[in-house]
Q: 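Pasting a structure here, questions to come.
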Protein chains: 2
Amino acid sequence: MFSQSEENYIKTIYHLAAISDKGISTNAIAKKLETKASSVTDMIKKLSDKKVLVYKKYQGVTLTDFGKRTAANIIRKHRLWEVFLVQKLNFTWDEVHEVAEQLEHIKSPKLIDELDAFLGYPKSDPHGDPIPDKDGNLPQIQKSLLSTLEKSEKGVCVGVNDTSSEFLRFLDKQEIGLGKNIEVLDKEPFDDSFLVKINGKEMTISNKVANNIYIQKS
Amino acid sequence: MFSQSEENYIKTIYHLAAISDKGISTNAIAKKLETKASSVTDMIKKLSDKKVLVYKKYQGVTLTDFGKRTAANIIRKHRLWEVFLVQKLNFTWDEVHEVAEQLEHIKSPKLIDELDAFLGYPKSDPHGDPIPDKDGNLPQIQKSLLSTLEKSEKGVCVGVNDTSSEFLRFLDKQEIGLGKNIEVLDKEPFDDSFLVKINGKEMTISNKVANNIYIQKS
DNA sequence: AATAATTTTTAGGCAAGACTAAAAATTATT
DNA sequence: AATAATTTTTAGTCTTGCCTAAAAATTATT
């Protein structure tokens with residue numbers, strides 16, 4: 001059994017590994033967890049002893065299969081709770097994260113299985129991120145950052161990269177959300193912004209925003 | 001804001017105060033929390049500094065109004081989660097306690113208000129214990145221990161004193177539960193056991209069991 | 001290749017919350 | 001009232017998880 005702190009490290013390393021492919025550096029973990037590199041070194045040693053990850057001094061860490069399964073399980077809980085909060089308790093997609101950060105540490109296999117059933121076995125959370133199954137398998141859907149689309153390409157919004165309240169509330173204000181149809185009408189080379197049509201409405205979107213919206217091309 | 005450990009002390013002192021009326025002793029707290037008296041002394045000092053309780057050396061503790069409100073709020077969360085687990089996630093009344101012990105520490109006012117609404121503002125938990133309102137008021141229903149009833153008195157089972165899985169599963173086996181009609185047919189002076197009729201069925205109940213069942217007399 | 005800059009680790013400490021053992025205060029008993 | 005028994009507190013330790021400062025290793029730059 002892992003402490004909340006250990007679980008947070010495991011989850012963070014899993015997320016970092018998903019984008020980096022090589023060993024995860026002490027500094028990267030420290031930055032993500034808003035802690036110090038020396039604290040990370042301490043924890044890494046402990047998690048290495050517990051067979052969660054492989055660690056060689058000065059060379060970053062890699063999760064073991066056991067570590068990956070553990071991480072997927074925490075993420076599964078996090079995302080199921082997010083679905084619960086939005087679907088049953090009237091939370092908005094920008095409010096769920098911090099509560100789910102707490103709920104993900106509740107220990108009870110029955111609880112999470114029953115919650116999954118109660119919610120109708122959802123496949124993804126309110127931000128479009130896939131929910132791992134009980135064995136830790138994470139179904140990956142085909143998606144592209146809006147910023148990588150070419151002129152006249154189109155598709156459906158299926159996820160976001162940045163899940164901060166600020167960004168999500170911005171999207172709400174622009175009426176951009178999961179399931180919306182998006183078409184790139186033009187790209188502006190000067191500032192790499194996009195002219196897009198979202199559910200029939202034309203608007204300009206900055207490169208920074210386009211870099212945080214996932215599209216399933218059609 | 002209080003740590004989980006602080007919350008557990010506050011809740012425990014509140015429960016002990018409900019049955020004792022005078023100051024709660026260090027030893028009583030230690031026993032209930034399965035810890036050592038010296039640890040209790042440490043924590044008591046901290047909670048006294050935080051204005052949760054009043055403490056004078058060697059004289060036990062009393063919760064302040066602030067402490068009582070804090071305790072009621074924790075208990076409110078605990079009991080609402082228990083209702084959720086039974087009503088929505090197919091938990092039985094003997095399974096809910098330990099999960100609710102974890103869930104009661106989740107910090108989010110919106111979460112608990114929405115949960116309350118989602119459950120239809122329940123008045124009591126699966127064991128018949130009343131749920132405090134948002135201001136910490138705890139409605140007390142009129143109830144008597146089955147063991148205090150006289151021959152030919154009757155009523156409805158509205159609660160249990162012992163909420164251990166062992167006792168609750170025993171009640172399930174005997175088909176005794178909240179809402180059942182109970183009538184005392186006879187009392188046996190030899191071992192203080194009871195001959196009762198429960199929903200039409202006659203059975204003998206030991207004094208120990210009768211001491212843990214609450215009846216609303218009719 | 002040597003030096004500079006950066007990253008990572010080590011060493012030593014701190015706070016929370018628990019513990020043991022011993023001292024002090026209170027309560028019970030003779 | 002004096003002694004015994006019990007309760008409570010103090011003093012000192014331990015673990016977890018964090019910190020700072022300094023040392024060591026790695027990587028980048030000249």
Q: In what stems does DNA chain C take part, counting only runs of at least 3 consecutive Watson-Crick or G-U pairs whose two distances fall under 3.5 Å?
A: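 Detected stem regions: C:1-30 with D:1-30.
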Q: Given atom CG of B:L47 and atom P of C:dA16, what is their separation to the nearest angstrom?
A: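 Distance, rounded to whole Å: 12 Å.
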Q: Please check the phosphate of C:dT8 (OP1 and OP2 only) for any side-chain N or O of A:Y55 closer than 4.0 Å.
A: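 For C:dT8, neither OP1 nor OP2 has a side-chain N or O of A:Y55 closer than 4.0 Å.
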Q: Which whole-number value in Å describes the distance from B:K31 NZ to D:dT8 P?
A: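 After rounding, the reported distance stands at 12 Å.
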Q: I'd like to know if A:S38 reaches the base of D:dT20 with its side chain such that a donor and an acceptor end up less than 3.5 angstrom apart.
A: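 Looking at the base of D:dT20, it does pair with a donor or acceptor on the side chain of A:S38 (distance under 3.5 Å).
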Q: Output yes when at least one side-chain N/O atom of B:N27 is less than 4.0 Å from OP1 or OP2 of D:dT8, else no.
A: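 Result: yes.
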Q: What's the OH-P distance between A:Y58 and C:dT10, to the nearest Å?
A: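 In whole Å, C:dT10 P lies 7 Å from A:Y58 OH.
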Q: Could you tell me the separation between the NZ atom of B:K22 and the P atom of D:dT7, rounded to a whole number of Å?
A: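 Roughly 13 Å, once rounded to whole Å.
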Q: Pick one: which of A:V160, A:L85, A:V86, A:D94 meets side chain to side chain contact (heavy atoms under 4.5 Å, CB included) with A:P126?
A: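 When A:V160, A:L85, A:V86, A:D94 are each tested with A:P126, the side chain to side chain contact (heavy atoms under 4.5 Å, CB included) holds only for A:V86.
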Q: Please report, rounded to the nearest Å, how far the P atom of D:dC18 is from the CD atom of A:E6.
A: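 It works out to 10 Å between those atoms.
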Q: Taking only side-chain nitrogens and oxygens of A:K36, does any of them come within less than 4.0 Å of OP1 or OP2 of D:dA21?
A: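 Answer no for this pair, as no side-chain N or O of A:K36 is under 4.0 Å from OP1 or OP2.
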Q: In this structure, how many angstroms lie between the C1' atom of D:dT16 and the CD atom of B:Q4, rounded?
A: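 Rounding to the nearest Å, CD of B:Q4 and C1' of D:dT16 are 15 Å apart.
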Q: According to a strict under-4.0 Å criterion, is A:S39 in side-chain N/O contact with OP1 or OP2 of D:dC18?
A: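 Checking A:S39 against D:dC18: no side-chain N or O falls below 4.0 Å of OP1 or OP2.
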Q: Please state whether the phosphate of D:dT16, meaning OP1 or OP2, lies under 4.0 angstrom from any side-chain nitrogen or oxygen of A:S3.
A: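 Checking D:dT16 against A:S3, no side-chain N or O comes under 4.0 Å of OP1 or OP2.
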Q: Can you figure out which of D:dT9, C:dT10, C:dC19 approaches the side chain of B:D42 most closely?
A: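 Closest nucleotide to the B:D42 side chain: C:dC19.
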Q: Compare side-chain N and O positions of B:Y9 against OP1 and OP2 of C:dA16 and report whether any pair is under 4.0 Å apart.
A: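 B:Y9 to C:dA16 OP1/OP2: no side-chain N or O under 4.0 Å.
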Q: Is it true that A:R76 and A:D133 make a salt bridge, defined as a side-chain N closer than 4.0 Å to a carboxylate O?
A: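 The answer is no: the pair does not qualify as a salt bridge.
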Q: Is the closest basic N to carboxylate O distance between B:K187 and B:E150 below 4.0 Å?
A: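 Salt bridge present between B:K187 and B:E150.
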Q: Quick one: do B:K107 and B:E7 make a salt bridge, cutoff under 4.0 Å?
A: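 Judged by the 4.0 Å cut-off on N to carboxylate O distance, B:K107 and B:E7 do form a salt bridge.
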Q: Select one nucleotide: of C:dT10, D:dC18, C:dT20, the one nearest the side-chain heavy atoms of A:S5.
A: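 Closest of the options to the side chain of A:S5: D:dC18.
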Q: Using a strict 4.0 Å threshold on nitrogen-to-oxygen distance, state whether B:D135 and B:R69 make a salt bridge.
A: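 No, B:D135 and B:R69 are not salt-bridged.
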Q: Is any side-chain N of the basic residue among A:K88 and B:E114 closer than 4.0 Å to the acidic one's carboxylate O?
A: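 No, A:K88 and B:E114 are not salt-bridged.
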Q: B:W81 vs A:W81 aromatic rings, parallel, tilted or perpendicular, using cut-offs 30° and 60°?
A: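 B:W81 vs A:W81 ring planes: perpendicular.
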Q: With under 30° as parallel and over 60° as perpendicular, where do the rings of B:H97 and B:H78 fit, or are they tilted in between?
A: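 B:H97 vs B:H78 ring planes: tilted.
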Q: Between B:V40 and A:T35, who's closer to the 5' end of DNA chain D by nearest nucleotide?
A: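 By nearest-heavy-atom nucleotide position, the 5'-most residue is B:V40.
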Q: Mind calculating the distance between CD1 (B:I44) and C1' (D:dT10) to the nearest angstrom?
A: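 Between C1' of D:dT10 and CD1 of B:I44: 14 Å.
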Q: Can you see if the side chain of B:K45 gets near the phosphate of D:dT10 - specifically, an N or O under 4.0 Å from OP1 or OP2?
A: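 So the side chain of B:K45 is within the cut-off, an N or O lying under 4.0 Å from OP1 or OP2 of D:dT10.
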Q: Over how many whole Å does the gap from B:K57 atom NZ to C:dT26 atom C1' extend?
A: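 Taking NZ of B:K57 and C1' of C:dT26, I get 14 Å after rounding.
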Q: Please classify the nucleic acid contact of A:T41 as base, sugar-phosphate, or nothing, using heavy-atom distances under 4.0 Å.
A: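 Contact class for A:T41: base.
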